[in-house]
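Residue numbers start from 1 in every chain, and the chains themselves are labelled A, B, ... in the order their sequence lines are given, proteins ahead of strands.
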Amino acid sequence: MAAADPIPTEFDAARAESESLTERILQLREAYYGHDTTLASDAEYDAMVHRLQAIEAAWPQLAGQDSPTQTVGGAGIDSTLFDPVVHAERMYSLDNVFSTEEFAEWAAKVERDAGGPVAWLCELKIDGLAINLRYEHGALTTAATRGDGVTGEDVTENVLRVPGIPRRLDGEGHPALVEVRGEIYFPVAAFNALNAEQTEAGERVFANPRNAASGSLRQKAAASKSAKETDLMRRRLERLRMLVHGIGAWPDPPVASQSGVYELLRSWGLPTSPSYRVESSIDGAIAFIEHYGEHRHSVEHEIDGVVVKVDDLAMHERLGATSRAPRWAIAYKYPPEQVQTRLRGIEISIGRTGRATPFAVLEPIRVAGSVVRRATLHNQDVVREKGVLIGDIVVLRKAGDVIPEVLGPVVDLRDGSERAFEMPTQCPECGSALAPSKEGDVDLRCPNARACPAQVRGRIEHIGSRGALDIEGLGEVSAIALTRPHGPLDTEAGLFDLTIDDLLPIEVPRTAPVGAEGLGVESLGVETPYRKVVKQARKDSPVEYGPSAAAEELVAELAKAKEKDLWRLLVSLSIRHVGPVAARALATHFGSLEAIRAASAEALAAVDGVGPVIAEAIIEWFLVDWHVEIVDRWAASGVRWSIPGHPGPGAVDEAPTGPLAGLTVVVTGSIEGFTREEAEEAVLAAGAKSTGSVSKRTSAVVVGPGAGSKEAKAIELGIPIVPAERFAEFLERGTALLE
DNA sequence: CACCCTCGAGTTCA
DNA sequence: CTCGAGGGTG
C-alpha cells in the first residue's frame, strides 16, 4: 500500500515544529503589517523563516501553498508587479493528514459532529497554483492568486491565455457575484517539455510543476520585452490547464452538495475534474486514497494528495471553519516523490569497461520509501546540463519509483559557497590518466584495463552475473574479496583455477556501519567469508579452520560454469558491444570460440545483428596478449569453448522455426512456473526473439502480475497482450492464440 | 536518415 | 528499471 508509507518519527517532530513556526511567523507578520508593531527583531523573524525553509526542504510534504515560505520573499505578493486583489470571500487553506489512520480519525470526528454517516467527496489534490476567478453576472472580471488567503495578485491578463477558462459562463441566470476557485497547473508532459526547453536555452529548470505554473502566471508582459519573449511567454501560458473545485462569495447556491456544485460549474462551461467520486463510507474514501497512491502517474497532472470534503453543503455551514481552514475538508498528502537535499560532492566510479561515471554524493534523504545517498550523473555533459554545483541543494526523485535521479539545483538557495565540478584527470582507483577511448567521445575511460582494480573487480562481478555465466556465489561481495590486494586473483584469467585452498585465507575488512564512516573507527576487524572454525579442542589449543559453505558453493558453481552455453562464456569476456544478443548470434553461427577468433571482419559482420563496429571490437580484443591468456587458461581449466556437435561456421541455418517463428516477444511481470530467465529461454526455444523493451515492432507482450510501464506501453501501442496464465498455451500455439 | 534496439551503468530492496 | 549513447536496420 503506497499510500501509507511508514513515516519516521522525526517526521512528527518536524511537523510539529513547522506548525508552531508557521503560527508564530503569521502572528508576527500580522502584527508587523496590521498593527504597525514588532514583537520580534528582524533577525529573529528571519531565523524562523529560514528554519521553516530548512524543514520544508527535508519534508516537502509540509510545504503547502499556504506556508509562509511561499508567501514571503520569492513567490510572495509583489505589489510593484501585480495589483493586489482582495478576495470577496477568504480563500481558506486545508488541514493536512499524512496517514490513513490520521484520516480515519478526522473523518470519525466529523461523523460524530454530524451525528451520523457522511457522504465523502474525494478528489485529486493537484500540485498547482490556487487561483480565484471572479465572475460578475457571468463575466470574468478578475483572476487572482491565493496570496495570503485574503489578498492575492491580479493575474487576469495571463490567466485569460490559459485554455479552457471561459470569459463568459454558459447558460443563464448567473449570480451577480460568484468566485470560482481552482487550481492552475502544468500537465506532467507539458512540464517535462518546458524543462527540456529551459535546459536547451541555458535557463534554469523548474523544481516542480507548481513552481513552473507560478512562474508562468507571474510573468509580466512589458513593452521592454521583445516580440520573441512575449511569444514565448504566451506559449507557456497556453500549456497551462485549470480545474475548478469550489465556489466563494455566493451565499445561497441552488445546489445542496459539493458534487452538485461541480455539476453546476460544469454546466457553466468551467473545467471540472473528471476523477472525483462520492464515497458513502470512510473505508470507501480510504480506498480512493489508496487507489491513487498506487496510480499517481496515471493522470495527466502531478498529484500530491487527495482532498476529501463533506459532500453536503448544509453540513459545511454546521461544521464551520477554524481560523485557517474549514472543518469539512482535509488534504491527505502522499509521501513526496521529489525531495530536496544537499549535494555533498561529485565522485567518479570506474566501471568494468573503464568508463568514468560521475555520481552525486548526497546528504542521505528518504524518497519514495527508501533512503538515498547516491545517484548517477551519467557523464560530464549531464552534470553540466543539469547545472548542479557541489554544495547545492538539489531536487531528487526516483525515476520509475526505483532509480534515484538528480533533476537540478534549487538556484534560489545558493549562498555563493558552491563550486563547480571538475572532471578528474586520473582514475581514482589506479591513478592512470583518464582519456576518451576515441576522438570526440564524451566518456572518459581508464586505459588500464588489465590491472585497474575497479575494472578487474567489475569484470569478475560481470562474469558471475545473470546475463553472463550466472554463477551463484560470485557477485559484488565475492568479486571484491577475490581481487583484494594479495587476494587470489589479479585478473579473471585465474578464475577457474581457484581452489578451496586459495579461498580459505581471504580476509575482507568489515565495513563501517552507515553513518560511522570517517569516525576513526579503525578496529572493526576482518571477515573471513570462506573459512569457519571447524574445531578447537580446548580454549588455549590452536584453532582448526575449514571451508565455509560459501567456499564450497563457489568452487562447485565455478566447476559447473565451465560447461555453460558458449554464448554465456562469450558474454563473460567483456568484449565491447558483445552482450547476450550479439553473443548468441555469434555462438550459433560459428559454434566455437576458435572459429570466431579465426573469422575475418567481413565474416563476423555478416552475422545478423553484428556490424562492422562489433566485428572490429572482436578482432582487436584477440590482439591483446592478456586477453588470449584468459581464453587459454580457462581452456586449460576445462572451460568448453564450443557447442558440442556444432557442424561448423555458417552451417547452422539461423532462420528460426517453431510456433513463434519470426515474432518479437517481451516478457514482463512474474510468470508462474518460470523465472524471468526461463520464460525468455522458452520464448527463444519457440522460435521468437525476446527483447526487453516494448516498441511498435513488438509482436506480443506476455504480462504477469507486477508488470509496470511495459504493459502500459503495450496498451498504448495496441500490441497484443498475453496474460501470464496463457503463456504455456501461447508457446505452443503462437499467434493463433492472439486471434 | 530515421528509428529502434542493445549495451552499459547505477541503485536499492526483498 | 531507466537513461544515455551509439550501433544496426529498414
Visitor: Side chains of Arg450(A) and Thr491(A): do they bring a donor and an acceptor to under 3.5 Å?
Guide: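 Their side chains do not contain a donor-acceptor pair, so the 3.5 Å distance test is not met.
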Visitor: Please give, in whole Å, the distance from dG8(B) P to Arg457(A) CZ?
Guide: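 So the two atoms are 19 Å apart, to the nearest Å.
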Visitor: Could you tell me the separation between the CD atom of Glu461(A) and the P atom of dG10(B), rounded to a whole number of Å?
Guide: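 Going from Glu461(A) (CD) to dG10(B) (P), I get 10 Å.
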Visitor: Between Arg459(A) and Ser574(A), do the side chains contain an N or O donor and an N or O acceptor separated by less than 3.5 Å?
Guide: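 No pair is found: no donor N or O on one side chain lies under 3.5 Å from an acceptor on the other.
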Visitor: Checking contacts here: which listed nucleotide (dG8(C), dC3(C), dT11(B)) is nearest the side-chain heavy atoms of His378(A)?
Guide: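 Of the options given, the side chain of His378(A) lies nearest dC3(C).
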Visitor: Provide, to the nearest angstrom, the distance between the CZ atom belonging to Phe359(A) and the P atom belonging to dT12(B).
Guide: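 It works out to 11 Å between those atoms.
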Visitor: Relative to each other, are the rings of Phe496(A) and Trp634(A) parallel, tilted or perpendicular (30° and 60° limits)?
Guide: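 Ring orientation of Phe496(A) relative to Trp634(A): perpendicular.
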Visitor: Using whole Å, report how far CD1 of Ile350(A) lies from P of dG10(B).
Guide: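 Roughly 9 Å, once rounded to whole Å.
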Visitor: Has Ser349(A) got a side-chain N or O lying under 4.0 Å from the OP1 or OP2 atom of dG10(B)?
Guide: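 For Ser349(A), the contact criterion (side-chain N or O under 4.0 Å from OP1 or OP2 of dG10(B)) is met.
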Visitor: Rounded to the nearest Å, what distance is computed from the CZ atom of residue Arg576(A) to the P atom of nucleotide dG8(B)?
Guide: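 My rounded result for the distance is 8 Å.
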Visitor: Which sits closer to the 5' end of DNA chain B, Glu476(A) or Gly354(A), going by the nucleotide each is nearest to?
Guide: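 Looking at DNA chain B, the more 5' nearest nucleotide goes with Gly354(A).
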Visitor: Between C1' on dG8(B) and CD1 on Ile463(A), what's the gap in Å once rounded to a whole number?
Guide: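 Nearest whole value for this atom pair: 16 Å.
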Visitor: Report the distance from atom CG of Leu586(A) to atom C1' of dG8(C), rounded to the nearest whole Å.
Guide: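 Whole-Å distance recorded here is 14 Å.
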Visitor: Rounded to whole angstrom units, what separation is found between the CD1 atom of Ile346(A) and the C1' atom of dG10(B)?
Guide: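 Spelled out: CD1 on Ile346(A) to C1' on dG10(B) is 15 Å.
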Visitor: Does dA9(B) have its OP1 or OP2 closer than 4.0 Å to a side-chain nitrogen or oxygen of Arg352(A)?
Guide: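 Affirmative; the distance criterion is met.
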Visitor: Distance check: side-chain N/O of Arg355(A) vs OP1/OP2 of dG8(B), anything under 4.0 Å?
Guide: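 So the side chain of Arg355(A) is outside the cut-off, no N or O lying under 4.0 Å from OP1 or OP2 of dG8(B).
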Visitor: Answer yes or no: is there a side-chain heavy-atom contact under 4.5 Å between Val388(A) and Val406(A)?
Guide: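 Side chain of Val388(A) against side chain of Val406(A), heavy atoms only: contact under 4.5 Å found.
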